[in-house]
Novice: 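I have a structure here, written as structure tokens, and I will follow up with some questions on it.
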Amino acid sequence: MELTFARFVTALRNAEVRASPAETLTAFEIVERVGVADKTLLKDSLALALAKSKDEKARFEETFERFFALAFREHAKRSFVRRVDRDAMLAQLRADVSADLVQSVTNVLDDGRDQLALRIHRAAAEANIHQIRSLREKSLYGRRIGTALGLDELDAYVEAPGSGNADTNSREFLRYLRHYFRQQIGDYVDTQYMLHLDASGKRAILTAALKSNLDQLPVAYHDDVRRVVERLAEKLAKDHRRRRRRARRGVLDIKKTLRRNVAYDGALFDLRWRQEKREPGAVFVLCDVSSSVARVARFLLLFLYELTDLLPNIRAFAFSSRLGEVTDVMRGRPTEVAIEEALFTWGKGNTDYARSFADFRDLCGSEIDQHSTLIVLGDARSNYYDPRVDLFEELTRRAKQTFWLNPETRDQWQEGDSEMRRYAPYCLRVETCNKLRDIERFADGLLAMAR
């Protein structure tokens with residue numbers, strides 16, 4: 001009972017239901033009081049103790065149903081059983097195979113689905129299925145459970161020439177039974193994998209999506225990736241706040257410290273620190289939001305705006321055929337709503353870098369100075385318009401540093417209408433940025449320079 005409940009709590013945490021140790025102890029007391037006879041009462045009682053929010057309650061209910069489901073779908077057709085001479089087939093099996101296999105066949109003949117499910121459950125527990133850690137291990141645990149139920153023997157028996165001693169209906173039933181067992185074991189292992197590793201049913205797919213290019217990310221996963229971005233940005237901000245507090249203290253000023261401590265015979269009682277004052281500069285972010293770059297721009301803007309307390313002077317601009325500032329929109333509304341509005345408003349038309357850079361100069365040209373950082377996100381594809389490299393050079397000369405983030409890989413920067421090779425000489429750094437880890441790495445470096 002205690003072991004089963006502990007594994008259930010682990011499955012809940014995998015499903016992102018935050019069950020603290022104190023809540024777990026309270027829930028265990030609830031189980032002792034209400035018992036396990038009434039499934040609905042048990043589920044509702046545990047939900048009160050372990051699930052707090054509406055989303056957590058939904059994940060709790062889904063995990064509870066999966067974890068405590070012992071019965072399997074009925075795949076065996078009753079017509080198979082009716083055609084089989086039960087006693088004759090069992091007598092033949094007892095003479096040829098192990099008791100485990102005979103018991104498994106008997107469960108199906110007697111419609112003992114719960115007993116069969118319980119035997120699968122026990123075999124899986126003995127194989128330590130709760131330790132499953134990857135998709136590749138599913139087949140391993142499936143084979144172990146099948147061996148415990150006598151499935152290897154059933155394979156050998158069905159394929160052996162000696163099985164000809166059984167009548168035609170029995171042979172047909174045994175072949176079907178082999179498929180039935182595999183299906184039930186496969187369903188059980190799938191369920192356990194979902195519980196112990198991927199309780200929401202999306203983690204493995206989401207992990208694969210995060211490793212792929214953001215411009216290929218399905219729309220259905222935007223909300224999940226947004227939550228991942230928020231967590232990454234929060235962790236990154238926490239790390240840099242700690243480093244910033246340490247940096248504010250400065251470095252030890254040896255000369256001042258020695259002078260201040262002459263009266264103490266050289267004992268260092270009064271430490272003096274040398275601090276370097278930095279004037280914070282503005283960060284200008286220009287995002288191409290045309291269809292080819294919009295998905296990467298969405299998550300870059302989201303990441304940067306989760307760091308506004310560390311980058312307070314950030315200003316954002318979106319462009320395709322024309323450029324406009326979206327700073328006030330981003331700060332005045334929920335981030336995801338503001339980003340969608342920016343993409344919709346400024347993501348129309350063919351990308352025109354020359355006109356967009358001209359619009360940016362008209363809006364902010366006088367505000368860019370030696371403390372400013374300019375960040376451009378775009379594929380540098382000009383649609384064969386004049387790229388106006390001279391205009392971009394003028395902007396970069398005014399700024400302290402310029403970064404260009406390109407969603408395309410380097411081997412594409414000299415193909416077709418790409419002007420990246422002409423813009424690159426005026427940038428401090430040009431980086432490929434088409435994955436979430438690329439955005440995280442760039443934001444980390446940007447914060448390090450801003451300290």
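Side-chain atoms are counted along with the backbone in the values below, which use heavy atoms only and exclude waters and symmetry mates. Since the structure is predicted, the reported quantities are computational estimates derived from the model, not experimental observations.
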Novice: Return the minimal non-hydrogen interatomic distance between S320 and D288, and the atom names on each side.
Specialist: CA-OD1, 4.5 Å
Novice: Is any side-chain heavy atom of V376 less than 4.5 Å from a side-chain heavy atom of F403?
Specialist: no
Novice: Carefully, step by step, assess E415 and R381 under the rule side chain to side chain contact (heavy atoms under 4.5 Å, CB included).
Specialist: CA-CA 9 Å; E415 296 179 354; R381 294 198 173 273; 4.2 Å; yes
Novice: Could you check F303 against F442 for ring pair (Phe, Tyr, Trp, His ring centres under 6.0 Å), going step by step and ending with a plain yes or no?
Specialist: CA-CA 10 Å; F303 210 114; F442 173 75; 9.8 Å; no
Novice: Without swapping roles, check the side chain of E61 against the backbone of A58 for a donor-acceptor pair under 3.5 Å.
Specialist: no
Novice: If you define the side chain from C-beta out and look only at heavy atoms, does anything of W346 sit under 4.5 Å from F319?
Specialist: no
Novice: I want to check something: taking the side chain as every heavy atom from C-beta on, are W413 and V430 in contact at a cut-off of under 4.5 Å?
Specialist: yes
Novice: Check the orientation of F360 and F284. Use parallel for under 30°, tilted for 30 to 60°, and perpendicular for over 60°.
Specialist: perpendicular
Novice: Can you measure from CG (D359) to CZ (R361) and round to the nearest 0.5 angstrom?
Specialist: 10.0 Å
Novice: Does the side chain of N350 reach to within under 4.5 Å of the side chain of N383, using non-hydrogen atoms?
Specialist: yes
Novice: What's the separation between atom NE2 in H371 and atom CD in Q401, rounded to the nearest 0.5 Å?
Specialist: 12.0 Å
Novice: Examine the side chains of T351 and S290 and answer whether a donor and an acceptor come within less than 3.5 Å of each other.
Specialist: yes
Novice: Are Q131 and Y141 packed together at the side-chain level, in the sense that at least one heavy-atom pair is separated by less than 4.5 angstrom?
Specialist: yes
Novice: Rounded to the nearest 0.5 Å, what's the gap from CD1 on I129 to CZ on R144? Could you check?
Specialist: 10.0 Å
Novice: Count the heavy atoms belonging to other residues, nucleotides or ligands that lie under 6.0 Å from CZ of R441, then report whether that count exceeds 12.
Specialist: yes
Novice: With a 3.5 Å distance limit and no angle check, can you tell me whether K52 reaches the backbone of L50 through a side-chain donor-acceptor pair?
Specialist: yes
Novice: So which heavy atom on Y353 is nearest to which on G378, and how close?
Specialist: OH-CA, 3.3 Å
Novice: Rounded to the nearest 0.5 Å, how far does CG of L377 lie from CG of L286?
Specialist: 10.0 Å
Novice: Let me know which of D155, D152, D187 forms a salt bridge (Lys or Arg N to Asp or Glu O under 4.0 Å) with R182.
Specialist: D155
Novice: Taking E440's backbone N and O only, do any of them form a donor-acceptor pair with D444's side chain (distance below 3.5 Å, no angle check)?
Specialist: no
Novice: Looking at D352, is its backbone amide N or carbonyl O close enough to the side chain of S321 to form a donor-acceptor pair, meaning the two atoms are under 3.5 Å apart?
Specialist: no
Novice: Would you say the side-chain atoms of R119 pair up with the backbone N or O of L149, donor to acceptor, closer than 3.5 Å?
Specialist: no
Novice: Determine whether L446 and T373 make a side-chain contact, defined as any pair of heavy atoms from C-beta on separated by less than 4.5 Å.
Specialist: yes
Novice: Any chance CZ of R18 has more than 12 other-residue heavy atoms, nucleotides or ligands included, within less than 6.0 Å?
Specialist: no
Novice: Locate the shortest heavy-atom distance separating N434 from P407; write the atom from each residue and the value.
Specialist: ND2-O, 2.9 Å
Novice: Can you name the closest pair of heavy atoms from R322 and R355 and give their distance?
Specialist: CD-CD, 2.7 Å
Novice: For A380 and Y423, which heavy atoms make the closest approach, and how far apart are they?
Specialist: CB-CD1, 4.2 Å
Novice: Would you say K400 has more than 12 foreign heavy atoms packed within less than 6.0 Å of its NZ?
Specialist: no
Novice: Where do N406 and E431 land on the side chain to side chain contact (heavy atoms under 4.5 Å, CB included) test, with the steps shown first?
Specialist: CA-CA 6 Å; N406 195 320; E431 297 182 358; over 6 Å; no
Novice: Quick one: does D438's side chain have a donor or acceptor within less than 3.5 Å of a partner on K435's backbone?
Specialist: yes
Novice: Could you walk me through whether T409 and D411 pass side chain to side chain donor-acceptor pair (under 3.5 Å), step by step?
Specialist: CA-CA 6 Å; T409 55; D411 60 326; 2.3 Å; yes
Novice: Go through T402 and L428 one step at a time and tell me if the side chain to side chain contact (heavy atoms under 4.5 Å, CB included) criterion holds.
Specialist: CA-CA 5 Å; T402 301; L428 177 64; 5.7 Å; no
Novice: Determine whether L363 and L323 make a side-chain contact, defined as any pair of heavy atoms from C-beta on separated by less than 4.5 Å.
Specialist: yes
Novice: Quick one, L46 with F60, criterion side chain to side chain contact (heavy atoms under 4.5 Å, CB included). Give me CA distance, side-chain angles, the key distance, then yes/no.
Specialist: CA-CA 9 Å; L46 290 176; F60 172 89; 3.5 Å; yes
Novice: Just how far is it from atom OG of S372 to atom CZ of R315, taken to the nearest 0.5 Å?
Specialist: 9.5 Å
Novice: Indicate yes or no: at least one non-hydrogen side-chain atom of D379 is less than 4.5 angstrom from one of S418.
Specialist: no
Novice: Under a 3.5 Å cutoff, is there a donor and acceptor pairing between the side chains of T26 and E23?
Specialist: no
Novice: Can you tell me how far apart SG (C364) and CZ (F317) are? Round to the nearest 0.5 Å.
Specialist: 3.5 Å
Novice: Search all heavy atoms of I145 against all heavy atoms of A124 and return the closest pair with its distance.
Specialist: CD1-CB, 3.6 Å
